[in-house]
Amino acid sequence: MQKRSVLEARGAETIGQQVCLEGWVRTRRDSKGGFSFIELNDGSCLANIQVIADDKLPNYENEIKHLTPGCSIRVVGEVKESQGKGQSTEVQAAEVFLYGTADAETYPLQKKRHTFEKLREWAHLRTRSNTFGSVFRVRNRVSFSIHQFFQERGFLYVNTPIITASDCEGAGEMFRVTTLDVQEPPKVNGKVDFSKDFFARPAFLTVSGQLEGEIFATSLGRVYTFGPTFRAENSNTSRHLAEFWMVEPEIAFADLEANMEVAEAFLKRIFTDVMNDCADDMAFFNERIEPGILDTLQGIVETEFLRCSYTDAVEILQKSGHQFEYPVSWGMDLQSEHERYLTEQHFKRPVILHDYPRSIKPFYMRCNEDGKTVRAMDVLVPKVGEIIGGSQREERLDVLESRMAEQGLNAQDYWWYLDLRRYGTVPHSGFGLGLERVLQFITGMGNIRDVIPFPRTPGWAEF
Ligand code: ATP
Ligand code: MG
Ligand code: MG
Ligand code: MG
């Protein structure tokens, strides 16, 4: 007997086959004449399969007629053509085996609808709902697309450390993993003393793998990292998490224009893949969560991204006549309200902003000749704002050293990073894409906490 997923059994090619299906009951409806319809879901797709069980089955009266939402069962039976709406097949059960019951009084996912906020309290069960099943199937497809896109272009997947000593962004948003706050490791009799602290030096969870990624780019050429990232920032927004997943390509011999081209092709590839391979899930989001998202994605795939300098964007915002909470002036970092205005009201599509003021950007970004700006870029999309942040990196040793001094950084702490410029330096670029941000955009889910399995935010306690 072949085990099949609901997705497989819904295909017309299985008609006439004996199959074994396993999953969770969504609903049960009893019909006069001694049979019941069971809607079964196993997470392989949004849709359920209809199982028909009749009173010839030995456990019909004492088990099948008591099945409630959430019960787990195995069904063995024949796939038949179905006359029902929205389904081409159904299963006539020859056997229904009950794995586990689900108390109808206490099981949270009854017919009653819950808010997404409430469902976060049941992070362990919400994945069985339609919305979260779709979110995590799309998340899976996007993760796979990320690897496919880079692998097909000859990028190597590299792993950068989770525990690190360098604050790449210089924003002071690192989670500390050791208690010691000294520059030099304490020593006893000339030997490092680990008795008070595991590493005998300050250590943190990574905010970005970029600096270490540059090591690989300047030796292997084209690389990308894809892993968990941590930021101890005020993540009480709908777009920030304390723990999120970031994709960070780093490309040797690439300037900012080449970087923008990769970013654009990358996003288009992800959007195309989810539309092709998650059609049912995307139809669900299009209908229930973000009306029009499919047209939006299709439009993005078909048109070129706009490019606009930070300086021009500031002028657009200033001349807009729009009342912003934070008035715009040259030199400030743009807030989400500004990014949203640009993409939603002004350009009405994604835009890549570039050449930001150097005073608001980290030390590693390449300085322009004007002395005021750096070769930074942000990809902005409607609703979510920034989904990609990147830059061309400063490859000139002397400029990099003076930038570090300007920002009060100790060059000795970055000796290995400076070595990459000291020996065979090359122009190079890269960017970071937040997996959850892109998922928010694709699914239309309003809160970033609803596109990651276990959201970590300030005051997190639930799960
Ligand atoms: P923002 O301006 O939204 O705070 P950022 O400029 O601080 O983002 P970068 O350092 O440029 O972020 O990181 C690259 C990408 O990582 C961002 O474009 C975004 O997609 C994602 N990202 C950054 N911080 C977070 C966060 N706290 N939670 C989820 N994703 C994030
Ligand atoms: Mg930030
Ligand atoms: Mg930003
Ligand atoms: Mg950024």
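Ligands are counted one by one from 1 in listed order, and the atoms in each one are counted from 1 as well.
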Going by distance only, is there an N or O of L241 that falls short of 3.5 Å from an N or O of ligand 1? yes
Under 3.5 Å, N or O to N or O, is M246 touching ligand 1 that way? no
Does the shortest distance from the Mg ion (ligand 4) to an N/O/S atom of E386 fall below 2.8 Å? yes
If we ignore angles and hydrogens, is there a donor and acceptor under 3.5 Å between the side chains of S309 and D355? no
Indicate whether any N or O donor in one side chain lies under 3.5 Å from an N or O acceptor in the other, for R393 and N259. no
What class does the angle between the rings of [X] and [Y] fall in, given that below 30° is parallel, 30 to 60° is tilted and above 60° is perpendicular?
{"X": "W122", "Y": "H114", "result": "perpendicular"}
{"X": "F116", "Y": "F132", "result": "perpendicular"}
{"X": "H322", "Y": "F324", "result": "tilted"}

Result for salt bridge (Lys or Arg N to Asp or Glu O under 4.0 Å) between R375 and one of E394, E257, E395, E369 points to E257
For [X], atoms of ligand 1 separated by under 4.0 Å from a heavy atom:
{"X": "R239", "result": "3 (O), 28 (N), 29 (C)"}
{"X": "G389", "result": "11 (O), 18 (O)"}
{"X": "I388", "result": "18 (O)"}

side-chain hydrogen bond (donor to acceptor under 3.5 Å, both in side chains) between Y414 and E401, intermediate numbers included: CA-CA 10 Å; Y414 295 88; E401 281 173 332; over 6 Å; no
Any non-hydrogen atom of I448 lying under 4.0 Å from ligand 1? yes
So is E436 close enough to ligand 1, meaning a heavy atom under 4.0 angstrom away? no
Verify side-chain hydrogen bond (donor to acceptor under 3.5 Å, both in side chains) between R141 and S145, making sure each step is shown before the conclusion. CA-CA 6 Å; R141 188 64 188 91; S145 280; 3.2 Å; yes
Does ligand 1 have a heavy atom under 4.0 Å from the side chain of R437, from its backbone, from both, or from neither? side chain
Region of V207 engaging ligand 1 - heavy atom pairs below 4.0 Å: neither
Would you tell me which option among E386, E243, R456 has the nearest heavy-atom contact to atom 2 (O) of ligand 1? E386
